[in-house]
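See structure below.
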Amino acid sequence: MPELPEVEVTRRSFADAIAGAEVAQLRLGKPLRWPLGQAAEALQGGRIGAVLRRGKYLWLPVSAPVERGGLLLHLGMSGSLAFTPQADLRGSPPGPHDHFDLQTDRGLLRLTDPRRFGAVVWSEALDAGPAAKLLAGLGMEPFDARFNGEHLHAGLSGRRVAIKLALLAGDIVVGAGNIYACEALFIAGINPRLAAAKLSRPRAERLALAVRGVLAQAVEAGGTTLRDFKDAHGVAGSFQMQARVYGREGLPCFDCGTPIRRIVQGQRSTFFCPQCQKR
DNA sequence: CTGGGCTCCTGTCAGC
DNA sequence: TGCTGACAGGAGCCCA
């Protein structure tokens with residue numbers, strides 16, 4: 001589910017409400033992708049700081065009386081966070097897909113994740129321990145001022161994979177998942193099957209703008225809600241209304257009327273306009 | 001080192 | 001109505 005816009009929308013929707021909250025209790029459901037680690041004691045009585053995002057990860061710093069560290073969260077394919085002010089575990093018993101609950105004095109933070117591809121991992125710091133390891137291979141933030149055509153072009157050079165897959169890999173620029181990679185390529189008029197290294201410098205410039213632009217637009221729209229994405233207050237996104245190609249197989253291209261095609265790349269669906277994205 | 005394919009898990013939906 | 005297979009927003013890992 002969640003690509004960068006959904007994660008950022010989630011972050012913004014609860015960061016202020018949870019900042020300064022004191023941890024009271026931790027509850028775990030079924031195992032997630034990775035084990036939590038030694039969080040339980042460190043969290044006891046800890047205070048939550050400013051929530052950060054890196055790629056599709058969230059970082060909840062916790063300053064504990066004894067130790068200091070934080071929780072690195074990933075929503076996987078089907079995860080979402082809910083923060084309910086004033087709520088507690090007694091009043092809101094966990095459902096079958098609620099696999100992580102953080103009870104604080106300000107309310108209840110809950111991760112719901114039916115497929116359990118998501119994760120919550122305790123780390124002593126963002127740039128040390130498990131968090132550092134998980135974030136090590138991530139590319140540049142799309143909203144970083146240094147992210148531009150030059151950076152993208154340099155990252156793509158020497159790569160024979162299809163440009164769509166190079167974007168998805170997230171080691172050049174983070175944040176574009178299956179929906180936004182398709183959308184950005186459409187906006188830039190680039191064929192998703194083009195070999196990454198074959199993208200000219202001027203076209204890389206256009207693609208960089210498209211990636212940044214579409215992600216910003218999606219954040220603005222509250223993210224994409226295909227099925228179940230909600231921000232931490234239960235508000236759905238609306239970017240799906242603005243999608244130009246994703247999920248539109250067989251429907252006419254908004255620009256030229258040609259039916260949108262669906263192909264499979266790396267076991268994932270790619271949607272594109274065979275006319276507007278010829279090369 | 002790169003690239004391709006598989007895998008984790010559960011839910012939903014189309015087709016028979 | 002019930003079963004089966006395809007597919008779903010991610011990304012680490014293994015192998016050639």
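Order of the sequence lines fixes the chain letters, A, B, ..., with proteins taken first and strands second; residue numbering starts at 1 for each chain. Hydrogens, waters and symmetry mates are skipped; everything else that's a heavy atom, side chains included, is used. Just so it is clear, the model here is predicted, and its values are computed rather than measured.
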Can you work out whether A/V161 or A/Q267 has the more 5'-proximal nearest nucleotide on DNA chain B?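 Of the two residues, A/V161 wins.
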Let me spell it out: for each of A/R159 and A/P114, pick the nucleotide of DNA chain B with the closest heavy atom. Which residue's pick is nearer the 5' end?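 First, find each residue's nearest nucleotide; the 5'-ward one identifies A/R159.
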Given atom [atom1] of [X] and atom [atom2] of [N], what is their separation to the nearest angstrom?
| X | N | atom1 | atom2 | value |
| --- | --- | --- | --- | --- |
| A/H99 | B/dT10 | NE2 | P | 8 Å |
| A/Q265 | C/dG10 | CD | P | 14 Å |
| A/L4 | C/dA11 | CG | P | 10 Å |
| A/E3 | C/dG10 | CD | C1' | 9 Å |
| A/L138 | C/dG12 | CG | P | 8 Å |
| A/L32 | C/dG12 | CG | P | 16 Å |
| A/R160 | B/dG4 | CZ | C1' | 13 Å |
| A/R116 | B/dG11 | CZ | P | 10 Å |

For nucleotides C/dG9 and B/dG3, find the distance between their C1' atoms and express it as a whole number of Å.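 The same atom, C1', in both gives a distance of 23 Å.
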Anything under 30° is parallel, anything over 60° is perpendicular, the rest tilted; go ahead and classify A/Y246 against A/F271. perpendicular
Look at [X] and [N] and indicate whether a side-chain polar atom (N or O) is within less than 4.0 Å of OP1 or OP2.
| X | N | value |
| --- | --- | --- |
| A/S269 | C/dA8 | yes |
| A/Y246 | C/dG9 | yes |
| A/K56 | C/dA11 | yes |
| A/H97 | B/dG11 | yes |
| A/R268 | C/dG9 | yes |

Would you say that more than 12 heavy atoms from the other residues, nucleotides or ligands in this model lie under 6.0 Å from the CZ of A/R160, or not?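 Check fails, neighbour count at 12 or below.
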Quick one: do A/R54 and A/E141 make a salt bridge, cutoff under 4.0 Å?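 Judged by the 4.0 Å cut-off on N to carboxylate O distance, A/R54 and A/E141 do form a salt bridge.
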Establish whether the base of B/dC9 is bridged to the side chain of A/R115 by a donor-acceptor pair shorter than 3.5 Å.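 Per atom types, the contact qualifies.
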Need one value for [X]: base, sugar-phosphate or nothing, where a base atom within 4.0 Å counts as base even if backbone is also close, heavy atoms only.
| X | value |
| --- | --- |
| A/R33 | base |
| A/R227 | base |
| A/F239 | nothing |

Per-pair stack call A/F117 and B/dC8, 5.5 Å, 30°: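 Base of B/dC8: stacked against A/F117.
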Run the numbers on A/K164 and A/N178 for side chain to side chain donor-acceptor pair (under 3.5 Å), then give the verdict. CA-CA 9 Å; A/K164 155 89 179 315; A/N178 209 30; 2.8 Å; yes
Is there a donor-acceptor contact under 3.5 Å linking the side chains of A/T10 and A/D231? no
Need the pair for B/dT7. Rule: Watson-Crick or G-U wobble, both distances under 3.5 Å, any strand; none if unpaired. C/dA11
Spell out, as yes or no, whether a donor-acceptor pair under 3.5 Å connects the side chain of A/H153 to the backbone of A/L199.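 Such a contact is found between A/H153 side chain and A/L199 backbone.
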